[in-house]
Amino acid sequence: MKCWKLSQTKKYIQSGNNDDQELNIHIQNCSECQTLVREAEEEEKLWAELLYSDSLPDGFTERIMASLEGVEIEQVEQIHSATARRAYKSRRVIKKSALWVASLFIVTAAFTLYAQPSIADWVRSIFSNETTDSGIMDARQVGLLQNPHVKVEDKGYTLEINEVIADATRLVLGVKVTDPQGKPLVYSVNWNDLHIKDTNGKEVAELRGIEGSETIEKLTFTFTQEIHTDELNVEGSVDRIAIPFSDEYVEGKWDFKFNLDMRKANALTVTTPLNEKYTTPDGMHIEMEKLVRTPSGVRLELNTTLSGEAAERSPGELEEKQQLMFHFENEHGEEISSVDNYRRGHSPNTISQICEMNDGKLHWTYTFKYLPYDRQNLRFVFDGYSIPVKSNGSVVLVPKEMKNHSAIFKDQGDKLTLSEFYVHYDSNLKAGEEPRESVIRMNGELYNQFNNDVWAVKDQDGKEYPVGFRGNVRWGDTSEVSGDPGFIVYGMSKLPEKATLIRTVTDKWYDNVKWSFDIPKAKSIPGLENADPQGY
């Protein structure tokens, strides 16, 4: 079945409908949908805390009361006139009644957030509880919030951008899209034609995240290179808006363009050189470059290269598919952030990572929401890495015997049980059309990673078929893998008497490393000396 969008997932959770067996099976086996469900559940929890908690968030009452200026509370006037003969005695009671009505209005406003434009604008903000993070709060605190005053209307639909945070770490935009009735639309625009350029017209950022509430989208861009210009140009081209819960679109023209002043942000950037190097036992050389601290976050840059022998094991594009795994500890040895180590868990503090080959070196840029090395003594700890390597592990399969006698694949610490081999008859095939694939049902345990493995099946005549995988991997010290149905042998419409399953590339995991170092303490950004990420 087709994967849902976040807004559709929220509707599913709110409905309480958990009886759709096909949907539940899909979610159990689709990592993208599992992530969407978790995000939607977290968002529902935030709304519950907002609407039903004993105390409202900071500034809520003040914003509601400000929106009431000039609004008459008719019930209070009616109460007053009905008790005119006792006006003197009831004066305090009337004041209390008015205060009670205003308080009731505050609670009611939580359920009718768009009754007053000022309330709606506050909720439709990247600084609402649903979309904020510590980095953009700090950036706003030191004055990096900019308003480009973008408002484009066509076919009754409106696109607005009134909030932008930009510094040398990332650029965050708050985008509001509404239909002709003023109803907010989210996740209805394809942002592939939104570009961030320097004054020379060179594109300098990539879109790395889209999130938001029911009313606003927060687009997060991270920079692919250092920003040296005092101005950035944002250009967007939008020619259609999707209608929620349908396959229909409204076509129109919602293009926009604006400039951002980067002078203040550049002045608040703090760069800390890192003069640390390490070579692993299997020939990967790591060279740390620098940490860059900005109000909205932290950027870590480093390079990796392979020795001649290691490069032979991972030639060409395989080298660029490596994955580094590390974490940061405070002075008490407590982990505060972990990067890409599935065995330890992935930290939500990580915004993005970008790697590109440059002069024979793979250059890495990691972006974090925070890393308080200006206030604490932190330590970098290298946990290991994975890199695809050429391999030739194999097992012979006899399809007609596998139901009763499973085949076992064992190679480089991985063990898979192959329990069935059959032709997959797709119900969508037309009459007389041959099947397009066969299936090998499997499950097992993995020591290595699995994402960049390459598999193939060779029949008794020497013909080779590419192999894909459909199923689930549960990461851990030893990961569990289960197929649903398992290996997909593309192009095999008839089972051979014998075949050989071959792994030609193994996504090799290396944990035979021992390296850590203390991070130099940096000076604090003016205005953020007392920022405490643990308190956010």
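In what follows, every heavy atom counts, from backbone to side chain, and hydrogens, waters and symmetry copies are set aside.
Within a 6.0 Å sphere centred on CD of Glu529, heavy atoms belonging to other residues, nucleotides or ligands number more than 12. Annotation for Glu317: atom CD does not count as buried by contact number, only 12 or fewer foreign heavy atoms lying within 6.0 Å. When the shell of 6.0 Å around CG of Asn512 is examined, it contains more than 12 heavy atoms from other residues, nucleotides or ligands. The neighbour count for Lys253 NZ, taken as heavy atoms of other residues, nucleotides or ligands under 6.0 Å away, does not exceed 12.
Residue pairs that meet the salt bridge (Lys or Arg N to Asp or Glu O under 4.0 Å) test with at least one member in residues 277-289, sequence neighbours left out, are Glu287-Lys361.
Electrostatic pairing of Asp518 and Arg379 counts as a salt bridge here, judged by a charged N lying under 4.0 Å from a carboxylate O. By the 4.0 Å N-to-carboxylate-O rule, Arg240 lies too far from Asp154 to be salt-bridged with it. Salt bridge present: Glu211 and Lys218 bring a charged side-chain N and a carboxylate O closer than 4.0 Å. Electrostatic pairing of Lys321 and Glu319 does not count as a salt bridge here, judged by no charged N lying under 4.0 Å from a carboxylate O.
Note that OG1 of Thr279 and CE of Met284 are 10.5 Å apart. Values are rounded to the nearest 0.5 Å. The NE2 atom of His228 sits 11.5 Å away from atom OG1 of Thr199, with the distance rounded to the nearest 0.5 Å. In this structure, CD on Glu356 lies 6.5 Å from OG1 on Thr224, to the nearest 0.5 angstrom. One distance of note links OH of Tyr157 with CG of Asp179; it measures 5.5 Å at 0.5 Å rounding.
In summary, the aromatic rings of Phe326 and Tyr366 are positioned with their centroids under 6.0 Å apart. For Tyr385 and Tyr510, the ring centers are positioned less than 6.0 Å apart.
Defined by atom type and a distance below 3.5 Å, a donor-acceptor pair is missing between the side-chain atoms of Glu235 and His195. A donor-acceptor pair shorter than 3.5 Å cannot be found between the side chains of Asp198 and Thr229.
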- Task: Any chance you could lay out the salt bridge (Lys or Arg N to Asp or Glu O under 4.0 Å) test for Asp453 and Lys508, step after step, and finish with the verdict?
- Result: CA-CA 9 Å; Asp453 274 12; Lys508 185 78 172 175; over 6 Å; no
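Looking at residues two or more places apart in sequence or on another chain, you find a side chain to side chain contact (heavy atoms under 4.5 Å, CB included) between Ser314 and Leu306, Leu318, Ile387, Val389.
Side chain of Gln141 to main chain of Gly527: a donor-acceptor pair is present (N/O by atom type, distance under 3.5 Å, no hydrogens or angles).
Using cut-offs of 30° and 60° for the angle between ring planes, the Phe380 and Phe328 rings count as perpendicular. Between Tyr278 and Trp515, the ring-plane angle classifies as parallel under the 30° and 60° cut-offs.
Taking the ring centre of Phe127 as origin, the terminal cationic atom of Arg140 falls inside the region bounded by 6.0 Å and 45° from the ring axis.
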